[in-house]
Amino acid sequence: MDDEATTWIRALEKEDSGVFMARVLLAPNEIHEQTFRLSVFEPVPDPQIRHQLVSKMAEVCNLTLWCLPPEKGPFDVSWKRGDRLSALEGGSHRYRLSAEGTELHLSWQPNSSDSTVTCLLSNPVDQKSASFDLRSACPSEAVPLTTPEERGFPEVRYEKGRAPPPKKGMRTR
């Protein structure tokens, strides 16, 4: 078929996907048939990243990150690191991905300048991303200690020289 012909199809919906045949009359007795597969994809929604701090030590922080699409769909999930979206290999990360790619187990060195991880959600025609700064879940500086009251526990006071009252269900002598 000549590369100078163009066919426009507009207002497609996902249900329009399928196999089609085009017949083109090139000359009075010359018909060219071309079969093609048409795939219609929905736009990719914005992903969300959820995280859980697994452990934190002085030199390494272990986290789990989840890349969550807001809806189900045939999306590919990939992860990148840094502001320039480099591959996860190398850098200050050690990682393991789940089979479907949505769950990233990561060991990160808090003193590293490479603190951004980005989740990419894509299909053949669209791509969206969300980024997460690892420093927000695993700061490198010391976290100030808080009092029980600041963490939401009620303040408990006892008078000097008096023992606290027994807990319910406990026997006293």
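- Residue pairs meeting the salt bridge (Lys or Arg N to Asp or Glu O under 4.0 Å) criterion with at least one partner in residues 119-132, sequence neighbours excluded, are Asp126-Lys128.
- Between Pro45 and Phe75, the closest side-chain pair of non-hydrogen atoms falls below 4.5 Å.
- At a cut-off of 3.5 Å, with distance as the only test, a side-chain donor of Glu103 or His105 sits close to an acceptor on the other residue.
- Side-chain contact check for Leu53 versus Cys61: some heavy-atom pair is nearer than 4.5 Å.
- Atoms CD and CG, from Gln48 and Leu121 in turn, are 11.0 Å apart once rounded to the nearest 0.5 Å.
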N/O donor to acceptor pairs below 3.5 angstrom from side-chain atoms of residues 12-22, sequence neighbours left out:
{"unit_1": "Asp16", "atom_1": "OD2", "unit_2": "Glu13", "atom_2": "N", "d": "2.7"}
{"unit_1": "Ser17", "atom_1": "OG", "unit_2": "Lys14", "atom_2": "O", "d": "3.1"}
{"unit_1": "Ser17", "atom_1": "OG", "unit_2": "Val40", "atom_2": "N", "d": "2.9"}

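- How far CE of Met57 is from CG of Asn62: 5.5 Å, rounded to the nearest 0.5 Å.
- Checked against Gln127 for a side chain to side chain contact (heavy atoms under 4.5 Å, CB included), the options Leu120, Val44, Asp76 give a single hit: Leu120.
- With values rounded to the nearest 0.5 angstrom, Trp108 atom CH2 is found 8.5 Å from Lys56 atom NZ.
- Minimum heavy-atom separation, Cys67 to Pro47: SG-CB, 3.9 Å.
- Contact of the Leu65 side chain with the Trp79 side chain is registered, since non-hydrogen atoms from C-beta on lie closer than 4.5 Å.
- The shortest side-chain heavy-atom distance between Leu104 and Thr64 does not fall under the 4.5 Å cut-off.
- The environment of Glu100 atom CD is dense: over 12 non-hydrogen atoms of other residues, nucleotides or ligands sit within 6.0 angstrom.
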